[in-house]
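The figures that follow rest on heavy atoms only: side chains count, while hydrogens, waters and symmetry mates do not.
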Amino acid sequence: MVNVKGSPKKSNLDRFLHCTTPLVPPQSLPKAEIRTLNRLWHPWEREKVEFFRLSDLWDCYDEWSAYGASVPIHLSNGESLVQYYVPYLSAIQIFTSSHSSFREESEDGDRYPFSDSGSDESVSEEGLESNGVLHLNDRLGYLYLQYFERSAPYTRVPLMDKINELAQRYPGLMSLRSVDLSPASWMSVAWYPIYHIPMGRTIKDLSTCFLTYHTLSSSFQDMEPEENGGEKERMRKEGEDITLLPFGMATYKMQGDVWLSHDHNDQERLASLYSVADSWLKQLRVQHHDFNYFCTMSMTTPRGG
């Protein structure tokens with residue numbers, strides 16, 4: 001995670017985003033492979049290209065899945081506490097090139113994309129041709145995997161357990177690299193609170209749940225942070241960990257003022273993150289069950305209504 005050490009200069013929303021954002025170690029792509037990159041997805045000319053492995057990304061969620069991610073919270077009365085959140089895989093879509101070698105790893109050798117049964121009818125059939133290529137946009141590539149969680153939160157398993165379960169059928173979840181994925185590849189993580197320290201305080205906003213949206217393709221990893229929905233931070237230097245700041249967000253049970261600081265324009269920021277997530281799902285013609293539920297059930301919407 002990004003370490004902010006509970007800085008009072010940060011809002012509680014800032015702290016949540018920092019403490020739940022994965023930092024993934026980069027690797028350098030061999031020069032011979034740079035020349036073979038899909039130019040629709042990687043149009044720039046570079047002497048060096050860095051990427052991350054999906055297996056390293058999942059490692060970031062291992063401890064969080066077991067113990068929860070700790071988020072320091074500063075209350076308006078001057079008190080502080082630490083809230084713990086467990087991540088759950090809410091949705092994921094992975095699009096790749098039709099020539100990706102990882103497809104040889106599938107159990108039946110099928111070179112056409114396939115989807116997990118958990119996705120149900122979450123993607124409109126109008127967006128798919130019989131050979132699995134999305135004709136919405138040629139840049140999207142082939143759909144390798146999609147999963148949309150539809151079960152009740154109390155019946156779900158943490159993100160790392162779900163990834164390990166899916167990887168039994170889709171080994172690419174462990175072997176794929178960010179440079180192998182089209183710009184349409186993304187995932188959403190649901191964060192549910194489990195407990196806070198010290199215990200015994202009844203604060204409505206500590207029951208708030210979050211949905212964060214992250215791109216998985218290298219096509220976005222070196223964009224200006226504000227262009228990728230993140231904070232206005234400096235550009236990543238070569239060799240530094242790759243930060244997967246969320247480009248979108250939705251919330252549920254946000255009933256008080258713990259998360260929205262007027263001094264930090266949190267209301268506007270949350271509305272912007274919500275709008276980007278909504279636009280992303282509409283662009284891909286995706287019905288994301290958790291997103292729809294959060295927006296329908298939330299008493300206070302990110303639009304400030």
Side-chain angles (χ1 to χ4, degrees), residues 1 12-13 15-17 19-22 57-58 60-71 73 81-93 115-123 145-169 173 186-197 199 201-214 216 244 246-256 258-260 270 273-274 277-278 280-281 286-302:
M1 69 177 183
N12 288 327
L13 182 61
R15 296 186 191 96
F16 172 82
L17 291 172
C19 294
T20 58
T21 292
L57 171 60
W58 310 137
C60 296
Y61 290 93
D62 192 13
E63 184 173 335
W64 294 338
S65 295
Y67 306 107
S70 60
V71 180
I73 304 295
L81 55 83
V82 177
Q83 177 75 57
Y84 287 83
Y85 289 85
V86 172
Y88 298 85
L89 182 64
S90 176
I92 187 170
Q93 283 189 309
S115 61
D116 185 86
S117 57
S119 63
D120 204 275
E121 299 176 352
S122 298
V123 174
L145 160 69
Q146 67 179 12
Y147 176 84
F148 292 87
E149 183 61 77
R150 304 178 69 87
S151 60
Y154 61 84
T155 66
R156 302 181 184 186
V157 297
L159 185 145
M160 196 66 218
D161 297 293
K162 176 57 67 173
I163 290 296
N164 286 331
E165 175 187 320
L166 292 173
Q168 297 300 313
R169 297 175 59 191
L173 274 174
W186 63 284
M187 72 170 179
S188 177
V189 180
W191 298 89
Y192 292 101
I194 49 175
Y195 63 89
H196 56 268
I197 298 175
M199 303 286 287
R201 305 184 188 186
T202 303
I203 303 172
K204 286 185 177 181
D205 250 6
L206 292 184
S207 62
T208 301
C209 308
F210 297 87
L211 273 182
T212 57
Y213 290 79
H214 308 263
L216 299 175
L244 267 65
F247 69 83
M249 174 181 279
T251 64
Y252 173 46
K253 295 184 179 178
M254 185 173 281
Q255 302 172 14
V258 170
W259 297 106
L260 301 179
L270 198 57
L273 288 167
Y274 168 86
D278 186 44
W280 178 270
L281 296 173
V286 165
Q287 288 297 321
H288 183 194
H289 178 76
D290 280 350
F291 182 81
N292 295 338
Y293 182 82
F294 273 40
C295 296
T296 300
M297 300 300 294
S298 181
M299 294 180 62
T300 302
T301 71

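E149 places no side-chain N or O within 3.5 Å of a backbone atom of A91 that could act as its donor or acceptor partner. Side-chain atoms of R15 never come within 3.5 Å of backbone atoms of I73 as a donor-acceptor pair (strictly under, hydrogens ignored). The closest donor-acceptor contact from the side chain of S70 to the backbone of Y84 lies at 3.5 Å or more, if one exists at all.
Inter-residue side-chain proximity for F16 and T208 is flagged as unmet; no heavy-atom pair is nearer than 4.5 Å. For the pair W58 and L159, the minimum side-chain heavy-atom distance is below 4.5 Å. Looking at W186 and L281, their side chains come closer than 4.5 Å, going by heavy atoms from C-beta outward. No side-chain heavy atom of T20 sits less than 4.5 Å from a side-chain heavy atom of V189.
Every side chain to side chain contact (heavy atoms under 4.5 Å, CB included) that N164 has, sequence neighbours left out, goes to M160, M174. In this view, Y88 and Y192 satisfy the ring-ring contact (aromatic ring centres under 6.0 Å, His included) rule, not counting sequence neighbours.
For the atom pair CZ (F291) and CG (D278), the distance works out to 4.5 Å, reported to the nearest 0.5 Å. How far OG of S90 is from NZ of K162: 11.5 Å, rounded to the nearest 0.5 Å. The CD atom of Q83 lies 10.5 Å from the CG atom of N12; values are rounded to the nearest 0.5 Å. To the nearest 0.5 Å, atom OG of residue S188 and atom NE2 of residue H214 are 7.5 Å apart.
Ring centroid separation for the pair W280 and Y213 does not come in under the 6.0 Å cut-off. Taking the ring centroids of F210 and W259, they lie under the 6.0 Å cut-off.
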